[in-house]
Structures are given as C-alpha cells and as structure tokens.
Student: 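Here it is: the structure, laid out below.
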Amino acid sequence: MLPDLGRYSSEVTASYIVSLGLLALLIALTLWRGARVRRALEEMEARRRKETGHG
Amino acid sequence: MQTSARLLPWTVGLAAAGLVVGLVWGFFFTPDDFRQGSTVKIIYLHVPAAMMAINAWVMMLVTSLVWLIRRHHVSALAARAAAPIGLTFTLIALATGAFWGQPMWGTWWAWDPRLTSFLILCLFYLGYIALWEAVDDPDTAADLTGVLCLVGSVFAILSRYAVHFWNQGLHQGASLSVAPGERMSIVYRMPLYVTMAGFVLLFVALVLIRTRTEIRARRLKALEARERMG
Amino acid sequence: MIALLLRDLRIAVRAGGGFGLGLAFFLIVCVLVPLGVGPESATLAAIAPGVLWVAALLACLLSLDRIFALDHEDGSLDLLATAPVPLEGVVAVKALAHWAVTGLPLTFAAPVLGVLLHLPAPAQGWLVVSLALGTPALSVIGAFGAALTVGLKRGGLLMSLLVLPLYVPTLIFGAEIVKRGAEGLSTATPLALLAGITAGVAALLPFASAAAIRINLR
Amino acid sequence: MIALLLRDLRIAVRAGGGFGLGLAFFLIVCVLVPLGVGPESATLAAIAPGVLWVAALLACLLSLDRIFALDHEDGSLDLLATAPVPLEGVVAVKALAHWAVTGLPLTFAAPVLGVLLHLPAPAQGWLVVSLALGTPALSVIGAFGAALTVGLKRGGLLMSLLVLPLYVPTLIFGAEIVKRGAEGLSTATPLALLAGITAGVAALLPFASAAAIRINLR
Amino acid sequence: MNTRPLLVAEGLAVARGGVPLLEGLSFSVVPGRALVLRGPNGCGKTTLLRSLAGLQPPIAGTVGLAPEGAAYAAHADGLKPTLSAIENLRFWAAVHGLGPAAADAALDRMNLAPFRDRRAFNLSAGQKRRLGLARLLVTGRPVWMLDEPTVSLDIASVALFADVVRVHLAGGGAALIATHIDLGLDEAETLDLGPYKARPPETGGTTGAFDEAFA
Amino acid sequence: MNTRPLLVAEGLAVARGGVPLLEGLSFSVVPGRALVLRGPNGCGKTTLLRSLAGLQPPIAGTVGLAPEGAAYAAHADGLKPTLSAIENLRFWAAVHGLGPAAADAALDRMNLAPFRDRRAFNLSAGQKRRLGLARLLVTGRPVWMLDEPTVSLDIASVALFADVVRVHLAGGGAALIATHIDLGLDEAETLDLGPYKARPPETGGTTGAFDEAFA
Ligand code: HEM
Ligand SMILES: Nc1ncnc2c1ncn2[C@@H]1O[C@H](COP(=O)(O)OP(=O)(O)OP(=O)(O)O)[C@@H](O)[C@H]1O
Ligand SMILES: Nc1ncnc2c1ncn2[C@@H]1O[C@H](COP(=O)(O)OP(=O)(O)OP(=O)(O)O)[C@@H](O)[C@H]1O
Ligand SMILES: [Mg+2]
Ligand SMILES: [Mg+2]
C-alpha cells in the first residue's frame with residue numbers, strides 16, 4: 001500500500017527512515033536514562049530511610 | 001515536579017497523535033508536487049524539524065536567563081535537558097535537507113546561507129553540551145553554560161548575517177509566512193501544520209521527561225556526596 | 001595592570017613561553033596546505049585568503065589555549081581575584097598581552113606567506129589591514145573561551161570547540177575583505193563590519209569572561 | 001601495559017578528558033575552510049583532499065598536546081620511569097591510546113566531511129583508507145614530539161612546531177592517495193609508501209621518545 | 001592599638017561540592033591576635049579559608065571583613081616557574097600598589113636573597129614555599145589567611161616564619177592560620193573545627209541549597 | 001632476617017642544575033632499618049633521593065641497589081585528578097604486577113575507604129597525600145624512598161603513616177625518609193646532610209658549573 005514515490009523514492013524513504021531513526025534514538029536514550037536514574041535514586045533513598053530508621 | 005507529572009501524559013499523547021497523523025497523512029495521502037515530484041513529502045519532516053531546532057535554542061536562551069537572574073535551578077536543568085533534543089532536530093533538518101538537495105539541487109550539500117547557518121547552530125549545540133558534560137559541579141556548570149548560551153546566541157545571530165553576506169543562496173524562503181511568491185497549496189499545508197504541532201508537543205514532552213530525570217540525577221548526586229562525607 | 005601586562009609579556013618571551021611560536025605555527029600551516037592541496041598556483045591563489053585567515057585563527061587558538069589555565073594551576077588566579085584589581089581588567093590585559101604576542105606578529109608576517117600562496121599583489125595590503133583589525137577580536141573571544149574552560153584539565157580542546165564557532169563572523173568578514181581586495185572590489189562594508197565586531201567584542205566580552213572566571217574559582 | 005592503556009582511555013572518556021573533541025575540531029576546521037575560501041563547489045572539490053588531511057593532522061596535533069605533560073606535572077611520569085615497565089612500552093601504549101581516541105574516530109567521520117567539501121564519490125573510500133593507514137603514524141610521531149617537550153611549561157606550541165615538519169611525508173602521501181582516488185588513478189605507490197612510513201615509525205620512534213623522556217626527567 | 005575586630009564571622013556554614021562541611025561557626029579576630037584553625041584532614045579548613053577570603057560564597061552566615069582586608073595564601077604559591085624569585089615578588093608588589101623596594105625587603109626578610117635571580121622553577125620545595133610566604137609581606141593587607149603555611153619548611157624556616165607573623169601582629173595585623181603543627185605563637189588562640197562539623201539535614205543541619213532541598 | 005644491606009651508597013656526590021650540592025656521602029641501609037635524611041631547605045634532599053632512585057645520575061660515587069629495588073615517593077603524588085581514588089591505586093598496583101585486591105587493602109590501610117570512589121581531584125590536600133602514600137603499599141618494593149611524606153598530614157595521619165612504615169620495616173623492608181618533622185620511628189637512625197654540603201671546587205670540592213654564586 002506504499003504510495004509509489006516516483007523517481008525520488010530512495011531519497012524520500014531514506015530521509016523518513018533517517019529522521020524517524022534519529023527521533024527513536026533520542027526517545028530511547030531519554031527513557032533509558034530516566035529509568036536508570038529513577039531506579040538508582042529510589043534504592044538510595046530506601047537505604048537512607050533504613051539508616052535513619054536504625055539510628 | 002507535580003505539575004510536570006500531571007502535564008506529561010497529555011503532551012505525550014498529543015505529540016504521538018500529531019506526529020502519526022501528520023506524517024501518515026503527509027507520506028501517504030498527498031499528491032506529488034508537479035515540480036518537485038514526491039520529494040515534497042520530505043517537507044513534513046524538514047520544516048518542523050528546522051523550526052524546532054531554532055526554537056529549542058531560543059527556549060534554552062530563555063531558561064538560561066531565568067537561571068542566571070532568578071537562580072531558579074529547574075530552569076537551568078531544563079536548558080540542559082533541551083540541548084540534545086535541539087541537536088537531534090538540527091541533525092534531522094540537515095539530513096532531510098541533504099536528501100532533498102540531492103534531487104532538487106543535484107548535490108547533497110551546498111554552502112547555502114541557511115544551510116550553513118544551520119551547520120553553525122549545530123556546532124553551538126555541540127559546544128554547549130560538551131561544556132555541560134565537562135564541568136562536574138552542577139551549579140558551576142549551569143552558570144557557565146548559561147553565560148555561554150547568552151554569548152553564543154549573540155554570535156549565532158552575527159554569524160547568520162555574516163553568512164548571508166558571504167553567499168546568497170538557493171534555499172527557498174519561508175513560504176508559510178505571507179510570502180508573495182509561491183505559496184504551498186492547502187493540500188500540503190494542512191498535514192504540515194499537524195506535523196509541526198506534533199513536533200512542538202514532542203519537544204515539550206521530551207523536555208519534561210528529561211528535566212525530571214536531570215532533577216533526580218542531581219538529587220542522587222547530592223545524596224551520594226553526603227553519604228561519602230558520612 | 002601595567003605590571004600584569006609586563007609580567008605576561010615577560011613570561012611569553014621567556015624560554016618555552018611561546019612567543020613567536022604562534023607565528024611559526026601560522027607559517028607551518030601555510031606551508032602544509034600547498035603540500036596537501038597541490039602546487040597549482042591558480043587554485044592556491046583562489047584559496048589563499050581563506051587559508052591565510054583560517055591559519056591565523058588556528059595559530060591564535062593554539063597559543064591562547066592555556067592563557068588562564070596556567071595561572072589557575074599555580075594558584076595565581078585565586079590571588080589575582082583577591083587582589084585590588086578588577087577581574088575584568090585582568091582579563092582585558094591578558095587578552096591584550098596575548099594579542100601582542102600572537103596577533104601582532106601574525107599581521108606582520110602575513111604578506112610573506114601571502115606571496116607563498118600566490119596571493120595577488122593588490123590583496124596583500126588588505127590582508128594586513130584585515131588581520132590588524134581582526135586579530136584583536138580573536139584574542140578577546142579566545143580569552144572568553146579560555147575563561148569558560150579554566151577549571152578543567154585538558155580544557156584545551158573543549159575550548160577550541162567552544163571558541164571556533166564564535167570565530168565564524170570574524171573569519172568570514174576578514175577573508176571577505178581579502179577576497180574583494182584581490183578582485184579589486186570595494187572592501188568598505190566588510191571592513192566596517194569587522195571593525196564593528198572587534199570594537200563590540202573588546203568592549204563587552206571581558207565582562208562575560210570575568211564572570212566565567214569568578215564562577216570557575218568558587 | 002594493559003592497565004596503562006585502560007587508564008589512559010578511561011581518563012580520555014572522563015569529563016574534560018577530551019574524547020571526541022579531536023573529532024569536533026576536525027569537523028569545525030572542515031566547516032571553517034569553506035567559510036574562508038568561499039562556497040564554489042569546484043574549488044572546494046579541488047582542495048578537499050588536502051584540507052581534509054591537514055585538518056585531521058591538526059586535530060591529532062592539538063589533542064596530543066599534553067599526552068605526557070599531564071603525567072609529568074602530577075609526577076606519575078617519574079613513577080612510571082621507576083616502575084617495572086619498559087618506558088618504550090609506556091610510550092607506545094600512550095600513542096596507541098591517543099590513536100584510539102583521536103585517529104580512529106576521525107577515520108570514521110571523514111566521509112561525512114568529504115560530502116561537505118564536495119569530495120567526489122570515488123575518493124571517499126580512499127579517504128577512509130588513507131586515514132586509517134596514516135593516523136597511527138601521526139599519533140606515534142606526535143608522541144615523540146610530546147616526549148621532547150615534556151619538561152616545558154606551555155610546551156604545546158613548541159611541540160607542534162617540532163612535530164609538524166615530521167608530519168610532512170605522511171601528509172603528502174595521504175593527500176596524494178585521496179587525490180589520485182578522486183581522479184581515478186592508481187593509488188598503489190602512495191599507499192605502499194604511507195604503509196611503510198607508519199610501520200617504520202611505529203617500530204622505531206618509541207625508542208627515541210623513551211630516550212627523550214629519560215633525558216627530560218633528570 | 002584599637003581592638004575593633006578585623007574579621008568577624010557569624011553563623012558561618014561552608015560547603016564544598018554541594019556538601020556542607022562546617023556550620024555554626026562564629027568567631028572574630030582583633031588586631032594583634034592570630035587564630036589557629038585545627039582539624040583533621042578534610043574537615044574543611046581550606047574551604048573555610050576560601051569562603052572567608054571571598055573566593056566562594058558561604059551557604060549560610062555572614063563574613064565581616066573590610067574590602068581588600070585579607071591576603072590569602074593557599075596550598076599553591078602562585079609563583080611563575082619561569083620568572084625569577086624577585087620578578088615574582090615585584091609583580092605581586094605592583095599588583096598591590098607597592099614598589100619594588102618592598103619586594104626586595106620581603107625577599108631579604110624570608111632570607112631568600114641568595115636566590116634573588118633564580119627561576120622559581122629551580123627552587124627547592126621549601127624555598128618555593130618561603131617565596132610564596134614572602135608574597136604576604138608585599139600585599140600590605142592587615143588580615144593574613146594562611147593555609148598550611150609551613151608545609152615542607154625546615155625547623156629554622158618555621159621559626160623565621162613564626163617570627164614574621166609575630167611582627168605582623170605586633171604591627172596591628174591579624175592572622176588566620178590553618179596548620180597541623182605548632183608554630184609556637186603565644187599571641188594565637190586555637191580554634192578546633194571538630195565540633196562544627198556539619199550535621200546531615202535530617203538532624204537539622206544546613207542543607208546544600210537546592211540539591212537535597214526539593215522532594 | 002638477613003642483614004645484607006638493601007641499599008649502599010659510596011662516595012656519592014649529587015648536583016642539581018650543574019650545581020654540586022652534596023658530596024662524599026657513604027651510607028648503607030639494611031633490612032628492617034630506616035634512614036632519616038635531615039637538612040635545611042635546599043640542601044639537596046630531593047636531589048639525593050632522585051639520584052638514588054636512578055632518575056638522575058650522580059656526578060660521583062656509586063649507588064648499590066637491586067634493580068626494581070626501590071619505590072620513590074616525590075613531592076608530587078602522581079595521582080590522576082579525574083580518576084577515583086581506587087582507580088588510581090589499582091592502576092599502580094597493576095603496573096607493579098599486583099592485583100586489585102592489593103589496592104583495596106592499601107586503601108583501607110591508609111583509611112581512605114570512605115573516599116574510595118571520589119575523584120582524586122575532589123580530595124583535600126591531606127587525603128591526596130595519604131592516597132599518594134598508599135601507592136607505596138602496592139609497589140611491593142623493599143626500599144622506600146620518601147620525600148617529605150608527611151606534608152599536610154594531620155597528627156593522626158602522621159601516626160598512622162609511621163605505623164605503616166614500621167610494619168614495612170618489620171617485614172624486612174627498608175626506608176629512606178627525607179623529612180623535617182619527627183616521625184617517632186625508633187628503628188630510624190638520622191643522617192644529617194649538613195656536613196656533606198659540597199665545597200666550592202677551589203677548596204677541592206667536586207666541580208660543577210659556574211653558577212656557584214647561588215649554591
Ligand atoms: C541540508 C540542508 C538544509 C537545511 C539545513 C535546511 C534548513 C531549513 C530551515 C532552517 C528552514 C526554515 C524553516 C522555517 O522557516 O521555519 C527550511 C525550510 C525549508 N526548506 Fe530547507 N534546508 C535544507 C535543505 C533544503 C532543500 C535541499 C530543500 C529543497 C529543495 C529545502 C526546502 C525547504 C522548504 C520548502 C522549506 C519550507 C520553507 C518554509 O515554508 O518556511 N531545504 N529549511
Ligand atoms: N634546575 C635547577 N638548577 C639549579 N639549581 C637548582 C635547580 N633545581 C633545584 N636547584 C637548587 O638545588 C638545591 C637542592 O634542591 P632540592 O630540591 O634537592 O632541595 P631539598 O633538600 O629537597 O629542599 P626541600 O627540603 O625544600 O625540598 C636547592 O638549593 C635549589 O635551589
Ligand atoms: N569538589 C569537591 N566535591 C566534593 N567534595 C570535595 C570537593 N573538594 C573537596 N572535597 C571534600 O571536602 C572536604 C574538605 O576539603 P578541604 O580541602 O577544605 O579540607 P582541609 O581541611 O583543607 O583538609 P587538609 O587539611 O587535608 O587540607 C574534604 O573531605 C574533601 O574530600
Ligand atoms: Mg587544605
Ligand atoms: Mg625537596
């Protein structure tokens with residue numbers, strides 16, 4: 001069902017792929033780092049709460 | 001934090017919607033331009049990306065100012081969060097532009113003023129990000145990058161004029177504005193508007209997420225430091 | 001202030017202080033380019049203005065690499081910041097010293113290299129003028145970059161990354177002057193613009209630089 | 001040895017360590033040149049090989065500036081010299097690390113910049129090949145220069161002065177390869193010569209460098 | 001001599017790298033007196049001195065000090081390796097608006113006369129240090145802030161230095177000295193920084209501004 | 001333990017920058033003993049140690065030392081500011097063919113454990129110094145040559161360090177320490193370098209260059 005893109009199909013598809021690829025990369029990185037930091041912070045706070053709880 | 005939390009889902013949803021609709025519409029359901037053939041479809045990526053690339057820098061400029069004047073930490077972090085997004089958009093504009101240039105101008109790259117000034121903008125993004133990465137005390141980094149952003153903006157504008165002075169280009173002007181010359185027909189413009197909206201929302205969404213991350217990261221850093229101090 | 005200027009100049013002319021080295025670098029780059037590009041004098045003449053300006057720019061860049069970093073490492077920057085002299089002044093003076101050590105010699109040496117690159121005779125004069133006008137801007141802008149990166153180890157390269165984009169307008173106008181000179185066109189506009197840049201930069205940037213240094217010190 | 005390599009790489013990728021900055025510098029120079037020279041694609045295509053190689057060379061140069069100097073300042077060079085590892089090995093490893101941080105990325109990035117400079121398509125491949133072959137030589141030679149100037153404050157510029165002449169053969173052959181590739185001529189001879197240079201340099205120079213360091217330490 | 005304090009610190013709290021180190025510091029130094037800061041490594045002496053010298057803002061409290069009142073001598077001496085001893089001193093003298101004569105006097109005072117024209121680069125550790133201290137004499141500032149001034153000085157030089165400080169105090173100056181060894185200054189009272197160690201915010205300590213502040 | 005000296009110096013004369021500083025030095029260090037070098041600033045301690053460590057050739061006399069026998073700790077600590085404490089140590093351990101375990105042990109020994117992952121750049125003066133000394137523990141070398149090891153250490157740390165040295169000596173090692181303060185090592189005999197000061201050549205001293213004017 002792809003529309004035929006005439007002579008320039010390669011360029012158009014390429015540009016779409018590249019751009020969406022870049023966007024995907026950016027989003028992936030964002031979410032990944034977000035998750036990592038959140039996890040690290042949570043366990044850190046858990047540890048602190050335990051310590052202050054003990055002391 | 002709370003406000004952003006409430007805002008987030010909406011922006012994400014809308015961004016997704018806008019992008020999908022606009023791009024699908026643009027990619028599948030628009031006729032080919034009689035001159036440019038199917039390449040006109042590139043515009044749905046190219047223009048919004050280019051637009052947002054510029055606006056992202058403006059946004060960084062504003063937030064940096066807010067930080068430098070009001071010492072509002074979150075805004076500094078927002079600036080930091082925005083930079084990579086702006087960079088990505090710049091790259092997209094460049095890439096799509098390049099792919100567009102191949103059929104239209106017969107070359108991947110021409111030292112056209114607008115293209116050149118975009119390349120320079122790309123460099124500014126790189127420098128800005130590199131500085132953030134290089135300095136490890138958060139406040140110092142925020143201040144330095146803030147100063148850099150101000151000075152950089154001035155020079156970016158300077159460069160733009162310099163470049164125009166240096167070479168008159170073959171890149172089309174802002175045909176969305178009420179330009180006298182060829183205006184894109186409604187067929188092309190509707191999906192374009194939608195994608196633009198999509199890009200804007202995407203930008204907002206990403207900035208929100210990344211800013212939240214930065215804030216968490218910073219708290220994390222502080223707590224680690226305190227732990228080391230015992 | 002004067003004392004600072006003298007001191008910087010003295011350090012520069014001391015062994016290993018790097019006086020004239022910027023010059024040498026300039027020279028070498030101008031020699032390397034033909035080696036890379038090839039000897040056709042037509043090509044060389046065409047690219048001479050650009051190459052000369054880019055070379056001058058890199059020479060400046062390389063030599064101001066550690067303009068503040070050294071003072072930071074040995075602690076004199078801390079002491080200068082607490083001394084009864086305005087930090088803006090310090091920055092300006094240091095930029096001035098750097099220019100005297102780098103930009104000035106470059107300007108004088110340029111014609112020779114112009115000949116080497118087959119730069120057409122009429123352009124020679126313009127080359128000197130444009131450099132004389134432009135290099136101060138290079139020093140001042142460079143000082144700003146150095147101030148931003150003063151705290152960092154190995155800041156040198158980061159600095160060039162930050163500074164080179166800032167050099168763009170200066171470069172364009174400078175080279176433009178020479179090119180127009182070569183073609184015998186009027187050089188009034190780019191001259192005016194270049195002068196404008198230099199003046200503006202010299203007037204305003206030292207404040208930004210001083211701010212950056214204060215931030216880096218705390 | 002491995003430890004040293006890892007350490008240098010780790011330092012390089014740390015904040016302010018300057019990984020990828022050589023790359024950025026390369027990029028920026030390639031952008032500045034057209035700004036100076038002018039946008040005519042014919043001219044650019046003609047000078048592209050030379051410019052790309054000179055830029056790569058400068059990027060290497062700038063980034064190896066302080067390859068030993070930092071170790072000297074913080075005293076680790078003294079300690080390495082008294083450690084049970086041959087100083088020649090240390091030098092070689094440091095050169096290797098520098099190449100991995102600078103030369104390698106350059107090689108991969110080169111084609112993009114080739115496009116910017118309108119380098120004809122057939123030459124692209126040769127550009128990559130020549131850089132892959134040549135940049136190691138740049139790092140090793142640079143390490144030698146760094147070793148010579150290790151004692152000096154602000155040695156950076158003096159070093160570039162010493163090193164650039166040594167770079168000349170590498171530059172000429174490297175650029176020659178790309179030029180011939182662009183014109184579709186045979187590139188066998190310069191390739192062989194370039195490979196020869198790299199091999200010889202990598203085999204012999206580390207000894208000279210080690211000697212230079214020992215002298216500088218006493 | 002008058003006894004209006006030259007330096008007053010009230011409720012001072014200092015942080016380094018976002019981590020509060022000391023808090024609740026209040027002291028004042030009157031002319032003619034010296035204050036010796038003691039404390040284990042890493043307790044924050046250097047940080048405190050930098051804050052007092054105005055190089056970094058305290059996170060709480062106030063520092064009362066006449067503008068251009070203090071001369072700060074850090075771990076690093078601020079010497080240019082390629083300049084000779086006297087050139088280094090003359091420079092600092094000029095910066096503080098004193099003539100070369102002052103520099104020569106200072107050089108003799110720290111008996112560095114034999115090394116007058118030797119590059120700082122070629123001085124031994126102790127000689128460098130002495131030169132760095134001679135700098136204080138050409139600042140003409142009333143309050144000296146010294147960070148481990150006697151590092152790598154031999155016994156004789158330490159005595160000599162203590163003597164210089166004594167004279168400075170007698171002349172109505174004041175001094176703030178962070179050190180681990182005993183200088184034998186009887187004008188000096190000692191301030192142990194141990195008790196002022198910053199507590200974590202849970203127990204009501206000062207927070208490092210934004211970092212932990214937000215939830 | 002055997003008493004074959006680990007380090008023997010005979011008729012040693014050292015110069016710095018062409019200026020003879022010390023001459024006629026003869027001493028030997030046996031396992032289990034430490035030799036403390038004393039002398040005013042600039043008498044040539046650092047130079048002597050560098051010569052013994054083989055970093056610069058003596059102008060006369062011989063040094064008897066097993067290859068890879070000595071570990072030298074200079075005024076500078078050889079730390080990479082951007083690497084964490086443990087990374088720095090691990091590196092030196094690896095260079096000397098020891099595993100990471102040794103590094104961890106050394107870190108605890110100089111009780112730097114709390115700063116394990118802190119960039120050396122962010123350590124205080126004394127913490128840096130301690131880290132530099134911890135390096136000695138991962139060299140596995142019998143003879144330690146220490147140039148003012150206790151600079152900017154607090155009293156506690158000095159004691160700790162003296163302790164480390166004592167253990168090293170007890171383990172059959174030897175140490176050569178240039179210092180101005182008293183470490184309270186009873187295994188140590190002291191060598192005052194004063195008497196060995198090089199005489200100007202007219203009076204029969206070793207000849208150097210002509211800048212005698214300074215020396
Ligand atoms: C790689 C290089 C290129 C870059 C960096 C670039 C950049 C830009 C920028 C900055 C804009 C402005 C968007 C705005 O005004 O809001 C733009 C718009 C546009 N570009 Fe490009 N462009 C490039 C190549 C091309 C090519 C090759 C073509 C087609 C021949 C093209 C066609 C357009 C069109 C039609 C617009 C829309 C103008 C408007 O409606 O505002 N661009 N581009
Ligand atoms: N490059 C040089 N040229 C000439 N003289 C030098 C050079 N370097 C050092 N000196 C002189 O050599 C002498 C010995 O220096 P050295 O560093 O060995 O002294 P030191 O005993 O270590 O003193 P300190 O206890 O202060 O460290 C000093 O008087 C110094 O001035
Ligand atoms: N950039 C930084 N980030 C985080 N912590 C730091 C930083 N710099 C120093 N510190 C820590 O701050 C504390 C205080 O350092 P400071 O130099 O003030 O100690 P000090 O009292 O001078 O110690 P010394 O007597 O060893 O000089 C130290 O524990 C050090 O580890
Ligand atoms: Mg301290
Ligand atoms: Mg010494």
Side-chain angles (χ1 to χ4, degrees), chain C residues 1-21 63 65-94 96-98 101 147 150-153 210-218, chain E residues 14-18 46-47 49-59 65-84 87-100 103 119-122 128 131-132 135-136 138-141 143-145 147:
Chain C
M1 280 308 143
I2 313 297
L4 183 60
L5 183 59
L6 292 177
R7 161 183 176 257
D8 277 13
L9 292 179
R10 191 179 284 130
I11 293 175
V13 297
R14 280 292 158 81
F19 173 78
L21 288 174
S63 54
D65 176 347
R66 311 188 50 70
I67 181 171
F68 296 119
L70 285 177
D71 281 359
H72 180 65
E73 283 163 14
D74 63 22
S76 21
L77 207 51
D78 287 351
L79 303 176
L80 277 173
T82 54
V85 288
L87 204 48
E88 289 75 9
V90 173
V91 174
V93 168
K94 277 190 157 296
L96 179 60
H98 173 263
V101 176
V150 72
L152 313 172
K153 292 266 157 202
I213 290 182
R214 285 211 189 79
I215 296 166
N216 268 321
L217 283 188
R218 67 161 126 85
Chain E
V14 299
R16 180 78 180 270
T46 301
T47 313
L49 286 177
R50 287 181 65 84
S51 314
L52 291 172
L55 283 169
Q56 86 187 61
I59 55 175
L65 173 66
E68 310 196 354
Y72 171 59
H75 286 299
D77 292 324
L79 302 173
K80 282 292 157 211
T82 51
L83 292 185
S84 72
E87 284 170 333
N88 269 300
L89 266 188
R90 287 227 171 111
F91 165 66
W92 287 115
V95 166
H96 291 87
L98 277 70
R119 302 275 180 90
F121 170 66
N122 294 344
K128 278 207 198 77
L131 186 52
R135 208 194 90 255
L136 293 168
V138 299
T139 58
R141 298 272 179 98
V143 183
W144 287 358
M145 299 182 176
D147 199 347

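To find a chain, count down the sequence lines: A is the first, B the second, and so on, and within it residues start at 1.
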Student: For E:Trp92, check ring pair (Phe, Tyr, Trp, His ring centres under 6.0 Å) against everything at least two apart and list the hits.
Tutor: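 Expected list: none.
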Student: Between E:Arg90 and chain C, which part of the residue has a heavy atom less than 4.5 Å away: side chain, backbone, both or neither?
Tutor: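 When you check distances to chain C, no heavy atom of E:Arg90 falls under 4.5 Å.
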Student: Who among E:Ala53, E:Pro57, E:Ala74 has the most heavy-atom pairs with chain C under 4.5 Å?
Tutor: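 Highest number of pairs under 4.5 Å: E:Pro57.
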Student: What part of C:Leu80 is in contact with chain E, defined as an atom under 4.5 angstrom from a non-hydrogen atom: side chain, backbone, both or neither?
Tutor: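 For C:Leu80, the contact with chain E is made by backbone and side chain together.
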Student: Going by heavy atoms in the side chains, are C:Arg7 and E:Asn88 under 4.5 Å from each other?
Tutor: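 Side-chain contact under 4.5 Å: no.
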Student: Report the option among E:His75, E:His96, E:Gln56, E:Lys80 that has the most heavy-atom pairs separated by less than 4.5 Å from atoms of chain C.
Tutor: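 The candidate making the most pairs under 4.5 Å is E:Lys80.
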Student: Only heavy atoms, only distances under 4.5 angstrom. Which residues in residues 83-92 of chain C are near chain E?
Tutor: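 If one takes a 4.5 Å heavy-atom cut-off, the residues of residues 83-92 of chain C near chain E are C:Ala83, C:Pro84, C:Val85.
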Student: Let me know if E:Leu79 has heavy atoms under 4.5 Å from chain C in its side chain, its backbone, both or neither.
Tutor: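 For E:Leu79, the backbone is the part near chain C, not the side chain.
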Student: Contact part of E:Arg16 toward chain C, heavy-atom cut-off under 4.5 Å: side chain, backbone, both or neither?
Tutor: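 For E:Arg16, neither part sits under 4.5 Å from chain C.
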Student: Could you look at E:Ser84 and say if it's the side chain, the backbone, both or neither that has a heavy atom under 4.5 Å from chain C?
Tutor: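 Interface part for E:Ser84: backbone (N, CA, C, O).
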Student: Please identify, among C:Leu77, C:Asp78, C:Asp74, C:Leu6, the residue contributing the most non-hydrogen atom pairs under 4.5 Å to chain E.
Tutor: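 Winner by heavy-atom pair count: C:Asp74.
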Student: Hey, what do you get for CZ (E:Arg141) to OG1 (C:Thr82), rounding to the nearest 0.5 Å?
Tutor: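 Here the interatomic distance stands at 6.0 Å.
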